[in-house]
**Student:** 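Take a look at this one; I'll ask things after.
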Number of protein chains: 2
Amino acid sequence: MLSKRQLLILQVIIDEFIQTAQPIGSRAISKKDEVTFSPATIRNEMADLEEMGFIEKTHSSSGRVPSEKGYRFYVDHLLSPFHLSKTEMHVISNTFEEEMLEFEQVVQKSAKILSELTNYTSIILGPKVYETTLKQLEIIQLSPHLAVAILVTNTGHVEHRSFSIPTEIEPSDLEKLVNMLNERLKNVPIIHLHDRLKKELTVLMHKYMNDFDLAYQYLKAALFDEQPVQLYVSGITNILLQPEFKDVSKIHSLYSAMEQEDAMADMLRSYKNGIHVSIGQENIMDEMQDCSLITANYSLGNQQLGTIALLGPTRMEYARVISLLHALSNRMSHTFHSWF
Amino acid sequence: MLSKRQLLILQVIIDEFIQTAQPIGSRAISKKDEVTFSPATIRNEMADLEEMGFIEKTHSSSGRVPSEKGYRFYVDHLLSPFHLSKTEMHVISNTFEEEMLEFEQVVQKSAKILSELTNYTSIILGPKVYETTLKQLEIIQLSPHLAVAILVTNTGHVEHRSFSIPTEIEPSDLEKLVNMLNERLKNVPIIHLHDRLKKELTVLMHKYMNDFDLAYQYLKAALFDEQPVQLYVSGITNILLQPEFKDVSKIHSLYSAMEQEDAMADMLRSYKNGIHVSIGQENIMDEMQDCSLITANYSLGNQQLGTIALLGPTRMEYARVISLLHALSNRMSHTFHSWF
DNA sequence: ATTTAGCACTCGGACGATAAGAGTGCTAAC
DNA sequence: GTTAGCACTCTTATCGTCCGAGTGCTAAAT
């Protein structure tokens, strides 16, 4: 167990290191107002803290630097509640007071705010559409053999996909098909759409259309194949400003990782229910071992829609970032809620 | 005027420097098979080439490095026609043999091919929709006060935008409006859509709708306000592999510039008709003064749709990149042509 | 029994000297 | 006109030295 004095010293070391990125020595600690004891005492305590693994030396006679275990302890036990500044609250409020009517717009702006306020990199996983319901289906023929299928959800989300019309299918059939599907599939949750589509088609199509299987295959492809993940990244260049990334090879490996959108999306999806902090090696992705990732979720009612995250060095302003993510995810959820 | 020998030496210097990124000395040049004269002779010629500004020293006793003027001359006069390797042609062919039905898909894959084959960063300006014509307009009501407007062009391009329905407008009016607009605006070029919309509305709306101005304002906003530019960037991390970018501050300024999507798009738009090479200071954007940008256009018939570009260090494989851009822009144009 | 002052010790970073190597320009010979 | 030879220049790497920041330990002070 850590003594009160050790807690204080650990806190000072981490707070200070987060600001300066420089190893902290006993003398510097003793100069802090809240610290009343001498450098020698502090050195003794630091030796203990090091033995327990909370802090490290960069070389045998250097000041101390927080270890990952130290950050973990700091995040779990030492975070003082952080109050956002007036400016920060204003930036958020002003942005959300503009009229926004689309998910994408809200998400994009949120990413921007986050990266601008923190100088870290923000990553937001766009809302998944699978909990929404079908509002309307359209198939618009562009040329004899080309058509575009459009799917609109109750949330105003629009997906579209071009597909080639098999020669066996008549344009008039196509129209009939769409009308029937709209009648029968309206308000069906998108997540059930695939099954329902198959079912409805089985029951109905034989009499109207020559080639059921083909129509099904094409519609299925048009509507359900590999919807691209939506990842909104803002402020990637902020990483370059951090002194821990003065090494180009580190930048390269991190940026390469971020180019893998699918892996990133999977990772973000895995963080559910509230705020998560992954420090250094705790991160799932190897390339992020020098970083911390803080995530929060935004939702519509009880349904979690997506994840917002901030990526920075392990030496991160945890308190402020957590408050910001909290405020912003609430604000996003609130906005979405107000639409329905 | 440059002598034959000077041309040869200049060519060897640039070719070699493009490979190695190291200053080239007289001895290295003399070892090349095509060079038959001694280092001393070469040194004399190099002194002349330097005086004329085609090459430079990095310090008083270093080998020579091409100047921007040197690269310019090289690109204008010394480029030997470059034949793409079998592998390169295969990569392109294989990609384009997959069924692709949407502009976006073609453009995205092209960007990927380019960056992968060259190890530079590819930037593609998505096709502008303004030369296409309206295929269909849809307005789908989501809730009493919210609707989404969808615009489909003859090329299968889909734009959509949510908007709030002014309380003065009845849902039935909305439907009438869409029907009428579809009747009257079908096949109108998108570029004229705005004017035509205004005209048609002026003539027709008064009798059907209470509030013409309001409807017009909303529709206009829904359909024409700030369509986001579409910029497809691939292989940004490739830049990090270039030895000229071992300095983080250079990376930062370049990446920051690339985050300005609007400025980038404007720049790319300004290159029309064939292949353009901007070397170092010739670049419009200050942040690209250490880079070269090579652009080509892709088209549909006679209509140029967009620009594909490669960004790399001034020490770029110009011949190969130009051939690749040529091949790829043709291939893209061809694919688009085959759709219509 | 803590806490602190004092002190020897360690290590990194900055500085300077030195040596090696690559490359040049110039001169004189071919 | 071309080339060999050579003195000179500049970069880079390596090594020794010095300084300062910071530590750990011991002994004195509280």
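In what follows, chains are A, B, ... by sequence order, proteins preceding strands, each numbered from 1.
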**Student:** Output the rounded distance in Å from CD (Glu16(B)) to C1' (dA22(C)).
**Tutor:**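 It is 16 Å, rounded to the nearest whole Å.
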
**Student:** Any donor and acceptor pair, going by atom type alone, linking the side chain of Ser278(B) with main-chain N or O of Asn283(B) inside 3.5 Å?
**Tutor:**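 Looks like no, no N/O pair under 3.5 Å.
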
**Student:** In whole angstroms, how far is the C1' atom of dT11(D) from the NE2 atom of His59(B)?
**Tutor:**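 Nearest whole value for this atom pair: 5 Å.
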
**Student:** Report which part of the nucleic acid Ser62(B) touches: base, sugar-phosphate, or nothing (heavy-atom distance under 4.0 Å, all strands).
**Tutor:**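 Here Ser62(B) touches the backbone only, sparing every base.
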
**Student:** May I ask you to say what Ser26(A) touches in the nucleic acid, namely base, sugar-phosphate or nothing, with a heavy-atom cut-off under 4.0 Å?
**Tutor:**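 It contacts sugar-phosphate atoms only.
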
**Student:** Tell me what Thr41(A) touches on the nucleic acid: a base, only sugar-phosphate, or nothing, going by heavy atoms under 4.0 Å.
**Tutor:**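 Thr41(A): base contact, heavy atoms under 4.0 Å.
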
**Student:** Which whole-number value in Å describes the distance from Met46(B) CE to dT3(D) P?
**Tutor:**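 From Met46(B) CE to dT3(D) P: 14 Å.
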
**Student:** Rounded to whole Å, how long is the line connecting atom CD1 of Ile42(A) with atom P of dT2(C)?
**Tutor:**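 After rounding, the gap between these two atoms is 18 Å.
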
**Student:** Starting at atom CG of Asn44(A), determine the distance to atom P of dT3(C), rounded to an integer number of angstrom.
**Tutor:**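 Checked: the CG to P distance equals 9 Å.
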
**Student:** Hey, does the side-chain of Ser38(A) have a donor or acceptor N/O within less than 3.5 Å of a partner on the base of dT4(C)?
**Tutor:**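 It does not, because no donor-acceptor pair links the side chain of Ser38(A) to the base of dT4(C) below 3.5 Å.
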
**Student:** Go through the side-chain N and O atoms of Ser253(B) and Ser256(B) and say whether any donor and acceptor fall under 3.5 Å apart.
**Tutor:**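 No, no side-chain donor-acceptor contact under 3.5 Å.
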
**Student:** Side chain of Glu50(A) only, please: which of dT4(C), dT23(D), dG24(D) is the nearest?
**Tutor:**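 From the listed options, dG24(D) comes nearest.
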
**Student:** Of all the choices, dA5(C), dG23(C), dT3(D), which nucleotide is nearest to the side chain of Ala40(A) once you look at every atom?
**Tutor:**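 Within the option list, the nearest is dA5(C).
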
**Student:** Atom OG1 in Thr307(B), atom CG in Leu293(B): separation rounded to 0.5 Å?
**Tutor:**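 With rounding to 0.5 Å, OG1 (Thr307(B)) is 9.5 Å from CG (Leu293(B)).
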
**Student:** How about Tyr74(B) and Phe17(B): are their ring centres within less than 6.0 Å of each other?
**Tutor:**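 Centroid distance Tyr74(B)-Phe17(B): not below 6.0 Å, so no.
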
**Student:** Between the base of dG6(C) and the side chain of Arg43(A), is there a donor-acceptor distance below 3.5 Å?
**Tutor:**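 Between dG6(C) and Arg43(A), which were checked side chain against base, a qualifying N/O pair under 3.5 Å is present.
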
**Student:** Send over the distance from Gln22(A) CD to dG22(D) P, rounded to a whole Å.
**Tutor:**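 Those two atoms, CD and P, are 10 Å apart.
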
**Student:** Of the nucleotides dG25(C), dT10(C), dC10(D), which has the atom closest to the Lys57(B) side chain?
**Tutor:**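 Nearest to the side chain of Lys57(B) among the choices is dG25(C).
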
**Student:** Let me know which of Lys31(B), Arg315(B), Arg64(B), Lys32(B) forms a salt bridge (charged side-chain N to carboxylate O under 4.0 Å, His left out) with Glu16(B).
**Tutor:**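 By the salt bridge (charged side-chain N to carboxylate O under 4.0 Å, His left out) criterion, Glu16(B) pairs with just one of Lys31(B), Arg315(B), Arg64(B), Lys32(B): Lys32(B).
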
**Student:** With nearest nucleotide decided by heavy atoms, which residue, Ser60(B) or Pro23(A), maps closer to the 5′ end of DNA chain D?
**Tutor:**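 Mapping each residue to its closest nucleotide by heavy atoms, the 5'-most match is Ser60(B).
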
